[in-house]
Structure formats: C-alpha cells, structure tokens
Amino acid sequence: MSGRSRTGGYCDRMSRRQALRIGGSGMLGGLSLPMLLEMGAEAATPRPAKARSCIFLFLQGGPSTIDMWDLKPEAPSEIRGPYKPIRTNVPGIEVGEHCALSAKVADKYAILRSHSHNDNGHTTGYHYVLSGYKADFADGTNNRIPNNVLYPSIGSIVSRELGPRGSVPVYVNMPHPLAAGGPGFYGAEHGPFVIESDPVQPDFEVKDLKAAGSLSSARQERRRRTLGALEASRPPAQPRSRTLAKYYEKAYDLVTSPAAQKAFDLQSEPEKLRAAYGHTSLGQCALLGRRLVEAGCRFVGIDHGSWDTHFTCFPSLEGELIPHADRAFSALVTDLDQRGLLDSTLVVMMGEMGRTPRINNEAGRDHWSMAQSVLFAGGGIRPGQVVGATDKQGAAPTTEPVSVEDILQTIFHLMGIDANKTYYTPLGRPVPIVNGGKVVRELL
C-alpha cells in the first residue's frame with residue numbers, strides 16, 4: 001500500500017483537507033471572489049516573456065523519480081528496483097517502462113535530473129518548493145492550509161506581477177487548495193481561486209461560478225444596478241468602497257461571462273480527448289488546466305497526492321501513480337502542442353522531494369530531497385534533452401545541483417517576471433521574489 005492515504009494523510013498521519021471556500025453569502029454569492037479580481041489593479045508591467053501561462057503539476061508526497069525518469073539499471077537490485085528503462089523517441093534518452101506514453105513524446109519536454117535541496121519534510125518541503133523560502137515551522141506541526149503565511153507562493157507572485165488575461169481568474173488551484181499555495185503577505189487579492197471539486201467526478205461543477213439559485217437573472221441585474229447607484233452616491237473620501245464595488249462588478253462579470261462559463265465546461269470536451277488525458281483526477285485536472293490557460297488563466301496549480309510510498313510501493317507505482325502521471329503529462333503537452341499553445345504555456349511536473357535510492361525493509365522508498373527529476377515543457381524550454389545527472393545510485397547530482405531557487409528563477413524568467421524584485425511586508429521587511437538562485441540556462 002502507499003504511504004499516503006486517499007484521504008490526503010501523510011506518513012505522519014496529518015490530515016491536509018481543510019475548507020478554503022471561495023464562495024459564501026453576499027450580494028453575488030461571496031466577498032472573496034471580488035477581492036481576488038482586484039489583482040489586476042496592482043499588476044506590474046511584465047517583461048517580454050516566452051510563457052504567458054504556467055500549468056504546475058505537483059506530485060505531492062514525493063514521486064519516485066528513480067523509477068520514472070532516472071533509472072539505474074546497472075545498480076544492485078535494492079537500488080534499481082524492478083523496472084527497466086525503455087527508449088524514447090529521442091535517441092539516447094531513456095525513461096522507466098511505465099512512462100511509455102511520455103516516451104513517445106520526449107521531443108516535447110526536457111528532463112532535469114539534478115534538482116536537489118535539503119528539506120526532507122512534506123509540509124516544510126512543500127512550503128519551500130512553492131514559495132522559495134524555508135518554513136518557520138517543523139514538519140508535521142502545521143496543518144493550516146495555506147501554510148505559507150508570510151511568503152507568497154509561485155501562483156500569487158504570478159498574479160501580482162502579471163495580472164489578468166481574459167475573463168477567468170488569474171490563479172487557480174484544483175482539485176483542492178495547494179498546501180503552500182497562499183498569497184502570504186501579498187494579501188487575499190492574490191490568493192488562488194480554488195476549485196474544490198474534482199473534475200473526474202461525473203457531477204463536477206464549479207460552484208463559485210453559479211449565482212444564488214433563488215435569484216433570477218433579472219433580480220441579479222437589479223441588485224447590480226442598485227449597488228452601482230449606491231456606490232456612485234458615495235463621497236469621494238471613500239475610495240476603498242468604490243474600489244470594492246469595482247471588483248464586485250468584475251465578480252458579476254465572471255459569474256455571467258459566457259467565456260468563463262465555457263472555460264470551466266469540461267463536459268464539452270470530446271470523450272476521445274478526455275480518455276486520452278485519463279479518467280483520473282490528475283488527467284481531468286490537466287485537461288481543465290489546458291482549458292483555463294486557453295481562456296487566459298496565468299497559473300494553474302494542480303495537486304495530486306498519494307506519492308508518499310514508504311510501504312510496498314511498487315504495486316501502487318505501477319498500478320496507479322506512474323500511469324496516471326504518464327498519461328496526464330503526455331496528453332497535456334501533446335494537446336497544447338496541437339493547439340499551438342505549447343510555446344506560450346510552461347508545464348512543470350515535480351514534487352516536494354524524490355525517494356531514497358535504496359528500497360527499505362518494507363519494500364518502499366523513503367524521503368529523499370537530495371535528488372529528484374523535474375519535467376519541463378513549453379514556454380521557452382528547449383525540448384528533447386536531459387539536463388544534469390546523478391550518481392550510479394541516484395543519490396546525489398554529479399553535475400551542478402539545481403536548487404529550488406534556481407527552478408523558481410527559471411520559471412519567472414520564462415514568464416517575464418523580474419525574480420530579483422523586492423517587496424516589503426507590512427512591518428517593512430524586504431522580501432525578494434526569489435532569494436538567490438539563477439536561471440538554468442541549459443533548459444532554455
């Protein structure tokens with residue numbers, strides 16, 4: 001069995017499922033949606049960018065990349081495991097036998113094999129990878145979601161720096177909030193729009209795009225006009241009220257926007273394409289992510305769990321985990337490419353850590369942050385290559401290690417964001433977007 005349950009618990013038995021609702025009660029069904037849409041007012045002028053959007057596939061718990069993207073067939077059996085490498089469509093590049101679909105499209109992505117950092121915890125590693133800053137709590141002691149109270153996540157940074165592009169939210173999480181996907185000191189306006197419903201479910205819908213069922217469209221319109229009249233009558237000394245009213249208007253536009261409704265309408269996709277992505281949580285989230293970036297979303301964060309495989313890992317890896325990731329990733333990059341979107345959409349697939357080279361006494365692999373492979377596609381990435389290498393056991397890079405900060409620098413560089421820009425917390429503390437690191441030029 002996998003070390004992480006289907007309910008979302010890690011090996012330390014901590015639960016990660018907590019409510020983070022976008023909706024609520026209010027004139028148009030909630031206050032937080034208008035606040036989210038305020039982000040456009042503060043968006044900085046972007047630099048020239050290769051990537052207009054990013055889809056971030058987060059394999060939560062720590063994927064066993066030594067069994068997927070960096071196999072060691074010459075190592076002893078307790079290291080190499082039961083899987084064999086297979087050839088890809090790029091001469092000289094091999095991947096694991098259960099990544100057969102990705103092997104057919106290896107010319108569309110790059111494999112970074114030398115990612116390495118020193119945080120072996122789940123919640124702390126998650127915090128580090130998504131924010132670029134070490135957590136101020138010990139692993140397993142913080143079950144708050146989001147747990148990044150101070151430092152903003154990648155998606156929130158993209159929200160602040162680039163702002164909206166289209167009628168859909170700038171920053172989206174699914175099928176639940178990323179544990180470290182919050183806005184930190186940037187404030188709620190740069191928090192994610194959370195789709196707390198799994199697209200693989202037959203009754204999937206985005207509840208926050210539906211107005212209160214008891215209100216007719218005519219009544220909603222009357223309320224909107226009334227609100228507008230009230231705000232217009234306010235004295236000029238109340239700019240905040242006027243600003244909030246402006247974003248109520250944007251929230252209304254989102255709820256009533258045909259383009260937004262269309263972007264979230266997964267049922268309109270042909271069954272053949274839905275099957276190509278896989279009728280799995282990761283597959284259908286990836287497909288919805290493609291629809292969202294197509295409609296203008298800047299950053300889609302997809303959380304996929306159960307990768308914490310301490311015990312009897314191989315049945316879980318070959319039965320569900322690797323095939324689901326293989327199908328979803330390969331279908332996503334292929335679909336984006338066929339639609340002419342891959343050049344402008346950066347796709348990243350990684351976890352908070354890798355797994356130990358040595359198989360443990362419970363036939364599983366434990367936490368190992370010192371070596372992990374990361375997949376990059378589109379958005380200015382040079383595809384069909386492997387960057388970096390690890391030693392004969394997959395324990396550590398033999399080339400220059402690529403840090404968390406390096407990965408973030410690379411993502412922001414491709415999206416036209418100055419990662420060295422500094423913002424100040426409410427207490428006046430300077431916080432660079434990324435504290436150090438450098439762009440991984442070999443990937444570009």
Side-chain angles (χ1 to χ4, degrees), residues 18 20-22 30-47 49 51-54 56 58 123-124 126-137 142 144-165 168-174 177-195 208 239-240 243-244 246-247 250-251 254 296-301 303 404-405 407-409 411-413 415-437:
Q18 291 189 351
L20 179 64
R21 301 298 301 167
I22 294 293
L31 282 171
S32 53
L33 183 54
M35 293 177 67
L36 278 173
L37 293 166
E38 188 178 359
M39 61 186 72
E42 294 187 358
T45 302
R47 301 188 303 173
R52 301 174 72 188
S53 301
C54 177
F56 195 88
F58 194 78
T123 55
T124 54
Y126 203 142
H127 183 288
Y128 185 27
V129 168
L130 261 68
S131 72
Y133 286 86
K134 293 295 186 71
D136 60 356
F137 52 84
N142 185 352
R144 175 175 176 167
I145 296 178
N147 64 30
N148 56 316
V149 176
L150 176 61
Y151 300 108
S153 65
I154 310 173
S156 296
I157 293 166
V158 170
S159 166
R160 182 166 187 170
E161 295 304 304
L162 299 185
R165 185 177 67 87
V168 295
V170 178
Y171 171 32
V172 172
N173 284 180
M174 64 173 121
L178 296 173
F185 76 92
Y186 282 9
E189 64 268 32
H190 298 296
F193 182 91
V194 181
I195 302 175
D208 294 301
R240 178 61 181 173
T243 300
L244 187 57
K246 175 181 176 182
Y247 297 108
K250 286 192 174 184
L254 177 59
C297 182
R298 293 286 194 179
F299 191 93
V300 178
D303 182 280
V404 168
E405 292 84 359
I407 287 178
L408 295 180
Q409 285 275 0
I411 291 173
F412 292 137
H413 172 79
M415 299 193 76
I417 294 171
D418 180 3
N420 299 310
K421 183 186 292 185
T422 296
Y423 288 100
Y424 292 83
T425 70
L427 296 178
R429 176 181 175 183
V431 178
I433 288 178
V434 181
N435 189 22

F299 vs S159, side chain to side chain contact (heavy atoms under 4.5 Å, CB included): CA-CA, chis, key distance, verdict: CA-CA 8 Å; F299 191 93; S159 166; over 6 Å; no
Pairing residues for F185 by the ring-ring contact (aromatic ring centres under 6.0 Å, His included) criterion, not counting sequence neighbours: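 Here no residue qualifies.
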Matching residue for V431 among Y423, Y133, Y186 - test: side chain to side chain contact (heavy atoms under 4.5 Å, CB included):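 Exactly one option meets the side chain to side chain contact (heavy atoms under 4.5 Å, CB included) with V431, and it is Y133.
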From CA spacing to verdict: side chain to side chain contact (heavy atoms under 4.5 Å, CB included), M174, V300: CA-CA 8 Å; M174 64 173 121; V300 178; 3.6 Å; yes
For a 4.5 angstrom cut-off between non-hydrogen side-chain atoms, does [X] reach [Y]?
{"X": "D418", "Y": "I433", "value": "no"}
{"X": "T425", "Y": "L150", "value": "yes"}
{"X": "P152", "Y": "R160", "value": "no"}
{"X": "E161", "Y": "K421", "value": "yes"}
{"X": "L178", "Y": "Y126", "value": "yes"}

Side-chain ([X]) to main-chain ([Y]) donor-acceptor, under 3.5 angstrom:
{"X": "Y171", "Y": "G181", "result": "yes"}
{"X": "R298", "Y": "G163", "result": "yes"}
{"X": "N173", "Y": "V194", "result": "no"}
{"X": "R429", "Y": "Y424", "result": "no"}

Side chain to side chain contact (heavy atoms under 4.5 Å, CB included) evaluation trace for L130 with Y151: CA-CA 9 Å; L130 261 68; Y151 300 108; over 6 Å; no
Pairwise distance [atom1]([X]) to [atom2]([Y]) - rounded to 0.5 angstrom:
{"X": "M415", "Y": "I157", "atom1": "CE", "atom2": "CD1", "result": "11.0 Å"}
{"X": "N142", "Y": "D136", "atom1": "CG", "atom2": "CG", "result": "8.0 Å"}
{"X": "N420", "Y": "F412", "atom1": "CG", "atom2": "CZ", "result": "11.0 Å"}
{"X": "S153", "Y": "H127", "atom1": "OG", "atom2": "NE2", "result": "10.0 Å"}

Restricting to non-hydrogen atoms, name the atom on [X] and the atom on [Y] that form the minimum distance, rounded to 0.1 Å.
{"X": "C297", "Y": "S53", "result": "O-OG, 2.7 Å"}
{"X": "N147", "Y": "A180", "result": "OD1-CB, 3.4 Å"}
{"X": "S156", "Y": "P183", "result": "OG-CA, 3.1 Å"}

F56 and F58 aromatic ring geometry - parallel, tilted or perpendicular at 30°/60° bounds: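 F58 and F56: parallel rings.
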